[in-house]
There are 2 protein chains.
Amino acid sequence: MDSDNKLKDVGLKVTHPRSKILEILHTNSKSHLSADDIHNLLVKSNESIGLATVYRVLTQLEMAGLVQKNQFQDNQSSYEIKKQHHDHLICIKCGKIIEFLDSDLEKLQEKISDKYDFKLQSHVMTLFGECQNRDCKENN
Amino acid sequence: MDSDNKLKDVGLKVTHPRSKILEILHTNSKSHLSADDIHNLLVKSNESIGLATVYRVLTQLEMAGLVQKNQFQDNQSSYEIKKQHHDHLICIKCGKIIEFLDSDLEKLQEKISDKYDFKLQSHVMTLFGECQNRDCKENN
DNA sequence: TGTAATTATGATATTATATATTATTATACA
DNA sequence: TGTATAATAATATATAATATCATAATTACA
């Protein structure tokens with residue numbers, strides 16, 4: 001399947017844990033799952049894959065460029081399938097995460113880096129606020 | 001001293017640990033210290049203040065608005081005296097941190113939030129790159 | 001297709017970071 | 001200065017992540 005080809009492409013052996021974890025991330029491409037979330041999903045699917053393996057595999061997938069690790073402000077990293085670069089907007093009430101890309105922002109970051117004589121390599125930009133979803137408003 | 005007045009101003013009792021921790025943060029206002037760093041500095045000054053107290057006090061100072069907690073990308077929070085709002089540029093080679101404020105960036109963040117119907121409350125923006133310091137270049 | 005060489009995994013222990021508990025101590029204020 | 005109240009120290013515990021190592025799975029190739 002597709003996940004297996006991706007693994008081969010980046011030179012990782014195709015193993016059951018890697019395959020399954022990539023699949024889960026793919027299926028939940030709109031989510032931002034923690035290692036524990038992923039482990040729970042595996043357990044639910046009756047996969048006996050240890051949490052240590054989940055961490056190990058996620059690190060490998062990140063190194064290989066297949067997965068993006070996010071560290072928002074809550075002591076726990078989350079992971080998502082690597083898509084086009086983007087930043088995040090997070091609702092502080094309901095936890096909803098919106099992904100966005102803004103070319104003006106990207107340009108501005110370059111400009112700021114230049115100003116301070118920095119060779120920009122990556123950045124993290126996360127906006128925290130309140131979303132205006134009806135569901136969110138009703139529950140808060 | 002000044003630290004004590006700050007504590008009083010925000011309605012916190014003046015205690016030895018709070019006073020000392022605020023002082024350390026003030027003295028190192030250009031640094032970004034972890035709870036452990038602060039604890040080590042206290043031990044060096046022959047202060048017998050427990051690590052748990054350091055965490056507790058830092059949280060209180062943050063709540064009170066005297067201290068800013070930063071969570072960069074390394075599983076460990078760092079703290080600094082709260083100054084004017086600013087973002088960070090971090091050198092991935094030498095760890096040097098530059099604080100900056102860019103009004104265009106602030107405006108752009110508001111604009112992006114509006115676009116997605118979010119009431120912006122705060123943000124984190126960290127740029128990672130290579131600084132062009134001679135010291136850094138020589139050691140990498 | 002079967003097998004050896006190599007790499008990955010599961011289970012567990014350990015480390016690192018942070019928080020909770022509780023008896024004792026310090027602070028603020030009458 | 002004495003007392004009510006809140007804070008601290010010294011644990012223990014929780015949470016997140018990594019290290020170890022014997023066993024199992026994968027791949028290359030005969």
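Sequence lines set the chain letters: A, B, ... in the order given, protein chains first and strands last, and positions in each chain run from 1. Please read these numbers as outputs of a predicted model, since none were measured by experiment. What's counted below: heavy atoms across the whole structure, side chains too, no hydrogens, waters or symmetry copies.
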Reported CG-to-NZ distance for the pair Leu89(A) and Lys115(B), which is rounded to 0.5 angstrom: 10.5 Å

On DNA chain C, compare the nucleotides closest to Ala35(B) and Lys8(B); which residue's is nearer the 5' end? Ala35(B)

With heavy atoms under 4.0 Å as the rule, sort Thr53(B) into base, sugar-phosphate or nothing. base

So which one's nearest nucleotide on DNA chain C is more toward 5', His16(B) or Tyr55(B)? Tyr55(B)

Please round to the nearest 0.5 Å and tell me the distance separating atom OG1 of Thr53(B) and atom CD of Gln60(B). 9.0 Å

Minimum-distance nucleotide to Ala52(B) side chain [options: dA20(C), dA6(D), dT18(D)]: dA20(C)

In whole angstrom, give the distance that lies between atom CG of Asp37(B) and atom P of dA16(C). 14 Å

Side chains of Asp87(A) and His123(A): is there a donor and an acceptor less than 3.5 Å apart? yes

Side chains of Gln132(A) and Lys137(A), donor plus acceptor under 3.5 Å: yes

Leu33(A) CG to dA17(D) P: how many Å, rounded? 13 Å

Taking only the side-chain nitrogens and oxygens of Thr15(B), find out if one of them lies under 4.0 Å from OP1 or OP2 of dA6(D). no

Rounded to whole angstrom units, what separation is found between the CG atom of Leu58(A) and the C1' atom of dT18(D)? 13 Å

Quick one: do the Glu80(A) and His86(A) side chains pair a donor with an acceptor below 3.5 Å? yes

When the distance from CD of Glu47(B) to P of dA26(C) is rounded to whole Å, what number comes out? 14 Å

Atom-to-atom span, CZ of Arg18(B) to C1' of dA7(D) - whole angstrom: 6 Å

In whole angstroms, the gap separating C1' of dG10(C) from CG of Leu42(A) amounts to 13 Å

Taking any heavy-atom pair under 4.0 Å as a contact, classify Ser34(A): base, sugar-phosphate, or nothing. nothing

note: Leu7(B), atom CG; dA26(C), atom C1'; distance rounded to Å ~ 15 Å

Under the 3.5 Å rule, do the base of dA18(C) and the side chain of Arg56(B) count as making a donor-acceptor pair? no

Where the side chain of Val57(B) is defined as all heavy atoms beyond and including C-beta, which of dG10(C), dT27(D), dT8(D) is the nearest nucleotide? dT8(D)

Under 4.0 Å from OP1 or OP2 of dA18(C): is there any side-chain N or O of Ser77(B) that close? yes

Contact class for Ile49(A) (heavy atom, under 4.0 Å): base, sugar-phosphate, or nothing? sugar-phosphate

Touch check for Asn75(A), heavy atoms < 4.0 angstrom, all strands: base, sugar-phosphate only, or nothing? sugar-phosphate

Quickly work out the Asn5(B) CG to dA28(C) P distance and round it to whole Å. 12 Å

